[in-house]
Amino acid sequence: MTQISTEHRQHWMNILARTPFAAIETAWATLPEQPEYTFLRQPETGLVMVQARTNGSGNAFSMGEITLTRCAVNINGTVGHAYIAGRDKKHAELAAVFDGLLQQPAYNDQLSKSVIEPMEKALTQKQQTKAEHVASTKVDFFTMVRGED
Amino acid sequence: MYVAVKGGEKAIANAHQYLASERRGNTDFPELSVAQIREQMRLAVDRVMTEGSLYDPDLAALALKQSRGDSIEAIFLLRAYRTTLPRFCNSIPLNTSKIAVTRRISAAFKDMPGGQMLGPTFDYTHRLLDFSLADTTETKTYPAPSAEDLQRAPDEELPRILDFLQNDGLVEGAGEPNASSVGDITREPLELPASRDIRLQKLTRADEGFILAMGYSTQRGFKNSGGHPFAGEIRTGDVAVEIIPEELGFPICIGNITVTESEIVSIYDGSEDTPPQFSRGYGITFGSGERKAISIALVDRALRCKELKEDIIAPAQDEEFVLMHSDNIEATGFVEHLKLPHHVDFQSELDILRRLRSNWEQSKARREAMEQSASTPDEVANNAPKGFA
C-alpha cells in the first residue's frame, strides 16, 4: 500500500478542480458502490482575490476576484475537502467526496487508477492539442535591408 | 440636498417589462443562450470580467445577455453581484512563468527563446468584412491548424525575455517580492498618493477606452521622458490559481484562468542614483485583453514619474486625474445620475434664476436712470466714439 503524501493529495485535488463536472459525475455514477457521506460544510460559493505580480515576478497586487465553491464532507470517518473555481455546487460536493475516499488507503489505489488517471490523461491531451494549434502559429520574422546602402 | 420622489411604480414596472420584450427582440429568431455568448462573444465576456473585476465566464455572459450587449451595464451587474458573496481568501500570486500560452510575441526581439507564437490573432488580417460569416444556413466547420513538432513540452516554463536583458543591467529589475501586505481597494478606500500595487489594481479594472486613450496620449508626447515604448513581451494563456485553505495549510489549485500580460520597456534617461536604462511598465487582464494590457503598461509606466524623479507635465502622469476618472462604474454613476428626477433641485434653480434676473433688471434700470440724469445731450455727443464723430 502506498503512503499517501500531501503531494499526492495536491495532485488529485488539482485534477478534480480542473476536470469538467460531467466527467466527475460520470466517474461517481460508475463507481461499483457509492458510499454514504454527510456534509461538514454544505457547498458554499464565495470569492477569492486573485493576486498577480508586477512584471510577472515582482511585488504582488490585487488583480481581481474569482468565484469559488467549497465543500467539506465526512465519508467513512474521513474529511474530504474541495475548493473549485466557479459556482458549481455539485462539482464541489463530488470533488470533496472523492477527496475523502482517495485519502483512504482502501480506496486510494483503485480510484487513482480508475478515476484520477483517466481525468489527468484527458486534461493532458487537451493541453497537448492546444499546444499543437499554438505551435502551428510559430513565426519566424526576417529583417531585410531596404533602400540604398 | 437630495429630495426623494415617489410614485411612478406602474410606469416603472411597465418600462421594465417593455425592456424584457425589447431585449428578446424579434421572436422569429432563436433566443441567444448564455453558452453561445460565452463561446462566440468571448472577447466581450473577457472585457466584462476584467472591468467587472470578477473571473466567471458564465456570469459575464449572462450579464451581457441581460444588458443587451452593453458592456458597462454588464460590468455594473457583475460588480453588484460580487457584493453578495463572502470573501474566502486571497490567492497565492499567479506564477505566470508557468503559463500555457495561446499567444506569445515580442516586438523587441525576433529570436526570443521559446519562440514567438501568434495564436488566434486579428493582427495581419485585412479588416475586410467576411460575408461568409453572415450565412449560417449550412453548418460549417472551422478546424484549427496543428503542428506536430512542438519543440517544447506544453508545461515547460517560459523564460521571460526581459530577464535576459536584466542580466546585463540594461533593464531595471522586476522588483523583489514584497513582504508587506498587498493593498486592495475593494477593502480599503483609495487614498492618494497610491502605491504601485494599488495603481495596478485600479488600472486593471479601469475602463478600457479611458486607459487606451491615456496610453495613446503618452505615445503622442504627453509625458515627461522615455523613448519609444517597446512591447518586450506579450503573452496570453492559461495559468493555475492556487490558494492555501486554512483547513489544509498547504497550497492547492482551484482551477485555471486565462490571462494576458504585457511588459513594455522604454528608455529612461536615469537620475543621480540610477544609470540610463530601459524602464518597465506592466499590465495584466483576465482573458484575451491585449489592447487593455498594453495600455495599462503604458499608463503604469507614466504613473511611476514620482518614483523615477520625472517632472509631472502631462495628464497620464497625474495620478489623481487618471485614477479618479478611470472607473467606468463610478463615472457612469455620476454622469448618468443626471437623467434621474431632479425636479426639486431644478425648481430651486429656477427660483434662484428668477431672483437673479429680477435683481439684474432692477439694477439695470437704476443704472440707466442715473446715466440719464447725469448726461446732457452735449456730453452724449462728446462721448461718442471718435470714428463716428
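Keep in mind it's a predicted model, so treat the numbers as computed, not measured. In what follows, every heavy atom counts, from backbone to side chain, and hydrogens, waters and symmetry copies are set aside. Every chain is numbered from 1, with letters handed out A, B, ... down the list of sequences.
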Check: CD of B:E246: more than 12 outside heavy atoms within 6.0 angstrom?
Finding: no

Check: If you tally heavy-atom pairs under 4.5 Å against chain A, which of B:M49, B:R196, B:M117, B:R199 wins?
Finding: B:M117

Notebook entry, point to check: In Å and rounded to the nearest 0.5 Å, what is the CD to CG distance from A:Q51 to B:D184?
Noted result: 8.5 Å

Notebook entry, point to check: What distance do A:K130 atom NZ and B:S146 atom OG have between them, rounded to the nearest 0.5 Å?
Noted result: 13.0 Å

Check: Do you know which of B:E263, B:E247, B:R205 has the most heavy-atom pairs under 4.5 Å to chain A?
Finding: B:E247

Next item on the list: Using atom types as modelled and distance alone, determine if a side-chain donor or acceptor of B:T204 lies under 3.5 Å from a backbone N or O of A:M63.
Entry: no

Next item on the list: Could you tell me the separation between the CD1 atom of B:I243 and the CD1 atom of A:I66, rounded to the nearest 0.5 Å?
Entry: 10.0 Å

Margin query: Between A:S62, A:A85, A:G64, A:A135, who has the most heavy-atom pairs with chain B when the cutoff is under 4.5 Å?
Written below: A:S62

Margin query: Is B:Q116 close to chain A through its backbone or its side chain, or both, or neither, when contacts mean heavy atoms under 4.5 Å?
Written below: both

Next item on the list: Among A:I15, A:L16, A:L68, A:D140, single out the residue with the greatest number of heavy-atom pairs under 4.5 Å to chain B.
Entry: A:L68

Check: Does the A:T137 side chain pair with the main chain of B:G119, one donor and one acceptor, at a distance under 3.5 Å?
Finding: yes

Checklist line | Options B:C253, B:G283, B:G255, B:G281, ranked by heavy-atom pairs under 4.5 Å with chain A, top entry | finding: B:C253

Next item on the list: Please flag which part of B:T186 lies under 4.5 Å from any non-hydrogen atom of chain A: side chain, backbone, both or neither.
Entry: side chain

Next item on the list: Check whether A:H81 gets within reach of chain B through its side chain, its backbone, both or neither, counting any heavy atom under 4.5 Å.
Entry: side chain

Margin query: Hydrogens and angles aside, do B:E242 and A:Y83 bring a side-chain donor and acceptor to less than 3.5 Å of each other?
Written below: no

Notebook entry, point to check: Which residue out of A:R9, A:M13, A:R87 racks up the most heavy-atom pairs below 4.5 Å with chain B?
Noted result: A:R87

Next item on the list: Pick one of side chain, backbone, both or neither for B:R82, based on which atoms fall under 4.5 Å of a heavy atom in chain A.
Entry: both

Notebook entry, point to check: Just checking heavy atoms, which of residues 39-48 of chain A are less than 4.5 Å from chain B?
Noted result: A:R41, A:E44, A:T45, A:G46, A:L47, A:V48

Check: Which residues from residues 51-59 of chain B are near chain A, with near meaning under 4.5 Å between non-hydrogen atoms?
Finding: B:S53, B:L54, B:Y55, B:D56, B:D58, B:L59

Margin query: Does the Lys NZ or Arg CZ of A:R70 fall within the cation-pi geometry relative to B:F88 - under 6.0 Å from the ring centre and within 45° of the axis?
Written below: yes

Check: Taking only heavy atoms into account, what residues of residues 106-113 of chain B are found under 4.5 Å from chain A?
Finding: B:K110

Notebook entry, point to check: Which atoms of A:K138 come close to chain B, meaning under 4.5 Å heavy atom to heavy atom: side chain ones, backbone ones, both, or neither?
Noted result: both

Notebook entry, point to check: If you check every heavy atom in residues 230-240 of chain B against those of chain A, which residues fall under 4.5 Å?
Noted result: B:D238

Notebook entry, point to check: Do you know which of A:I84, A:V79, A:V50 has the most heavy-atom pairs under 4.5 Å to chain B?
Noted result: A:V50

Next item on the list: Select one option (side chain, backbone, both, neither) describing which atoms of B:L248 are under 4.5 Å from chain A's heavy atoms.
Entry: side chain

Checklist line | Region of B:R104 that comes under 4.5 Å of a non-hydrogen atom in chain A | finding: neither

Check: What residue, out of A:R18, A:H11, A:E132, A:E65, has the most heavy-atom pairs lying under 4.5 Å from chain B?
Finding: A:E65

Notebook entry, point to check: Looking at B:P251 and A:Q10, what are the two nearest heavy atoms and their distance?
Noted result: O-NE2, 2.7 Å

Margin query: At a 4.5 Å cut-off on heavy atoms, which part of B:T102 comes close to chain A: side chain, backbone, both, or neither?
Written below: both

